[in-house]
Undergrad: 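Pasting a structure below so you can have a look.
As the structure lists them, so they are numbered: ligands from 1, and atoms in each ligand from 1.
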Amino acid sequence: MSTWHILGAGSLGGLWAARLARAGLPVRLILRDQTRLSQYRAAGGLTLVEDGFASLYPIPAEVPGSAIPIRRLLLACKAYDAEEAVAELAPRLAPGAEIILLQNGLGSQDAVANRVPRAHCVFASSTEGAFRESDFRVVYAGRGQTWLGVPGERRAPDWLEQLQTAGINHDWSDEILEKLWRKLALNCAINPLTVLHDCRNGGLRDWPDEVAGLCEELSELLHACGQGAAASDLHQDVLRVIDGTAANFSSMYQDVARGRRTEISYLLGYALREAQRLQLDLPRLDDLLQRLREHLTVRGLPVD
Ligand code: NAP
C-alpha cells in the first residue's frame, strides 16, 4: 500500500493526516526544514481538536530532501507555495506518482502539473473547514465535502476507498473544473467585498447592487471560459452563502486581519487574467481587484 506523503502540516494537511493515520493508513508528513521538524518532534506529533476533544497523533515526519521515494503526495500548502514545494520534491517522485492538489482557486494546479509532467495530478475542491490553533495543533471547524477529479477522466482511482475508511467525505467528480470555477466565482463575489467593507459575510446584505453586479460579470466570464454550468444560478447561490454564513468572516478577511498573504492571485487575479486572455471587459471585477490591491498595499501585504 502506498504511503500518503503529506506536504504541509497546516490546517487542511493536518486534518487529512490525522484522519488517515488513525484509520491505520501509512502517513508521513513533509515539513519545510530541519527547524520545523525539530519543533514538530518537540510537540510529540500532530494534535487534532474535534468536537472539543484533542487527540495527539505521532505521525512520522521528514524534510523535503529525504531519500524516501514518493508514490502518493497530498499537497496541502497554500496555492502560492505549491509549485515551488513540488519542484523541491520532484527528484523523489516515483514514475507515475499521484499528486492530490488541495489548493483553493485556479492556476496553481496547472503550474504544478507543468513542473512535474510525469506525475498524475488529481484536483480537489473542499468545503471542509479547519484552522491552526498553534503550530501542529489543528481544529476541525466545519465538516464538509471534498470533490476530487482529473479533467477528462471518468474512472475514480482505487485509493478513494482509503478516504472512505478514514471517514473523509468525498466524491469523485467528472467535472472537477466546474466545481473549482464555481467555488472561485463564489469567492470572488464575496471575499474581496468583506475585506473592503470590513464586515462578516452577512454584512454584504447592505451592498446588494455591488454583489449583483459582480455576479453578472462573473457569469459572463464563466460562459466565455466554457464553464456555463458553473454560472447557473450563481447570484442566487451567492445570496444563499451570504445568508447561510452570515456570522462568519471570510477566509480572505481572516488572512488580511492576521497580516497574512492572501491567495488573490489564484482567485480574483486568476479570473481577471482569464478575462484578459479572452478579451472580455469586466469593469466591476477590475475595479474590485484594484481596490483590493490598494487595501493590501496599505497594510504591507503582497498584492499577488
Ligand atoms: P495553512 O494552514 O497555512 O497550511 C499550509 C502549510 O503548508 C503550512 O503548515 C506550511 O508550513 C506548509 N508549507 C508551505 N510550503 C511548504 C514547503 N515548501 N514545505 C513544507 N511545508 C510547506 O493552509 P491551509 O488553510 O491548510 O490551506 C491549504 C490550501 O487549502 C489553501 O489553498 C486553502 O485555500 C485550501 N483550503 C483550506 C481550507 C481550510 O479550512 N483551512 C478549506 C478549503 C480549502 P509552515 O507551517 O512551516 O508555514
Undergrad: How long is the span from the CG atom in L48 to the OG atom in S55, to the nearest 0.5 Å?
TA: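 Output value for this atom pair is 7.0 Å.
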
Undergrad: Quick one: which ligand 1 atoms are inside 4.0 Å of a heavy atom on A85?
TA: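 Every atom of ligand 1 under 4.0 Å from some heavy atom of A85: 18 (N).
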
Undergrad: Identify, for atom 2 (O) of ligand 1, the protein heavy atom at the shortest distance, and state residue, atom and that distance.
TA: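 Ranked first by proximity to atom 2 (O) of ligand 1 is S11 OG, 2.7 Å.
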
Undergrad: For the backbone of R72 and the side chain of S2, can you confirm whether one donor and one acceptor N or O come within less than 3.5 Å of each other?
TA: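 Absent.
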
Undergrad: Among all the protein's non-hydrogen atoms, which is closest to atom 5 (C) of ligand 1, and how far away is it?
TA: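 Ranking protein heavy atoms by distance from atom 5 (C) of ligand 1, first comes A76 O, 3.6 Å.
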
Undergrad: Report the residue from N191, D198, T194 that forms a side chain to side chain donor-acceptor pair (under 3.5 Å) with Y253.
TA: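 When side chain to side chain donor-acceptor pair (under 3.5 Å) is applied between Y253 and each of N191, D198, T194, only D198 qualifies.
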
Undergrad: What I want to know is whether L31 and ligand 1 share at least one N or O pair that is separated by under 3.5 angstrom.
TA: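 In fact, backbone or side chain, L31 has no N or O that close.
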
Undergrad: For this output row, return yes or no: ring centroids of W147 and H170 closer than 6.0 angstrom.
TA: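 Not close enough - the centres of the two rings lie 6.0 Å or further apart.
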
Undergrad: So between S251, A130, A87, S126, whose heavy atom ends up nearest atom 40 (O) of ligand 1?
TA: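 Answer by nearest heavy atom: A130.
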
Undergrad: Does the side chain of E128 pick up a donor-acceptor pair with the side chain of W16 at under 3.5 Å?
TA: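 Their side chains do not contain a donor-acceptor pair, so the 3.5 Å distance test is not met.
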
Undergrad: Looking only at N/O atoms, are G129 and ligand 1 under 3.5 Å apart anywhere?
TA: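 No; the residue has no nitrogen or oxygen that sits under 3.5 Å from a nitrogen or oxygen of the ligand.
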
Undergrad: For ligand 1, indicate whether the residue E263 contacts it via side chain, backbone, both or neither (heavy-atom separation under 4.0 Å).
TA: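 Contact part for E263 vs ligand 1: side chain (C-beta onward).
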
Undergrad: Give the single entry among I6, L7, D81, D33 that approaches atom 17 (C) of ligand 1 most closely by any heavy atom.
TA: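 That would be L7.
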
Undergrad: Would you mind finding which of R32, K183, R260, R132 brings a heavy atom closest to atom 8 (C) of ligand 1?
TA: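 Going through R32, K183, R260, R132 one by one, R132 has the nearest heavy atom to atom 8 (C) of ligand 1.
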
Undergrad: What protein heavy atom sits nearest atom 29 (C) of ligand 1, and how far off is it?
TA: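 For atom 29 (C) of ligand 1, the nearest protein heavy atom is C77 O, 3.5 Å.
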
Undergrad: Against the six-membered ring of Y40, is R32 placed for a cation-pi contact (under 6.0 Å from the centre, within 45° of the normal)?
TA: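 No, R32 does not sit over the ring of Y40.
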
Undergrad: Heavy-atom contacts with G8 under 4.0 Å: which atoms of ligand 1 show up? List them by number with element.
TA: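 Counting from 1, the qualifying ligand atoms are 6 (C), 7 (O), 12 (C), 21 (N).
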
Undergrad: Heavy atoms only: which of K78, R36, R261 lies closest to atom 47 (O) of ligand 1?
TA: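 Result: the heavy atom closest to atom 47 (O) of ligand 1 is in R36.
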
Undergrad: Which atom names give the shortest non-hydrogen contact between L31 and P64, and what distance separates them?
TA: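 The pair with the smallest heavy-atom distance is O-CD, 2.9 Å.
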
Undergrad: When you measure from the side chain of R28 to the backbone N and O of E62, does any donor-acceptor pair fall under 3.5 Å?
TA: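 Checked: no pair found.
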
Undergrad: Mark up the atoms of ligand 1 that fall under 4.0 Å of a heavy atom belonging to E128, in ascending order.
TA: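 The list of qualifying atoms is 40 (O), 42 (C), 43 (C).
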
Undergrad: Report yes or no: does R200 contribute a side-chain atom to a donor-acceptor pair with the main-chain N or O of A247 at less than 3.5 Å?
TA: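 Yes, R200 side chain to A247 backbone: donor-acceptor pair under 3.5 Å.
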
Undergrad: At a non-hydrogen distance cut-off of under 4.0 Å, which region of A141 contacts ligand 1 (side chain, backbone, both, or neither)?
TA: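 No part of A141 comes within reach of ligand 1.
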
Undergrad: I need the nearest protein heavy-atom contact for atom 44 (C) of ligand 1: residue, atom name and distance, please.
TA: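 Result: L12 CD2, 3.6 Å.
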
Undergrad: For ligand 1, which atoms, with element, lie under 4.0 Å from some heavy atom of I30?
TA: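 Every atom of ligand 1 under 4.0 Å from some heavy atom of I30: 20 (C).
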
Undergrad: Given side-chain hydrogen bond (donor to acceptor under 3.5 Å, both in side chains), test N201 with T245 step by step and report yes or no.
TA: CA-CA 6 Å; N201 292 354; T245 62; 2.9 Å; yes

Undergrad: What protein heavy atom sits nearest atom 35 (C) of ligand 1, and how far off is it?
TA: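 Looking at atom 35 (C) of ligand 1, the protein heavy atom closest to it is L102 O, 3.7 Å.
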
Undergrad: Can you find a side-chain donor-acceptor pair between E216 and H235 that sits under 3.5 Å?
TA: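 Side chains of E216 and H235: no pair found under 3.5 Å.
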
Undergrad: Is any N or O atom of Q103, backbone or side chain, closer than 3.5 Å to an N or O atom of ligand 1?
TA: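 Not met; the criterion fails.
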
Undergrad: May I ask you to decide if the ring planes of W181 and Y270 are parallel, tilted or perpendicular, using 30° and 60° as cut-offs?
TA: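 Rings of W181 and Y270: tilted, 30 to 60°.
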
Undergrad: For atom 4 (O) of ligand 1, what's the nearest protein heavy-atom neighbour? Residue, atom name and distance, please.
TA: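 Of every protein heavy atom, G10 CA, 3.3 Å lies nearest to atom 4 (O) of ligand 1.
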
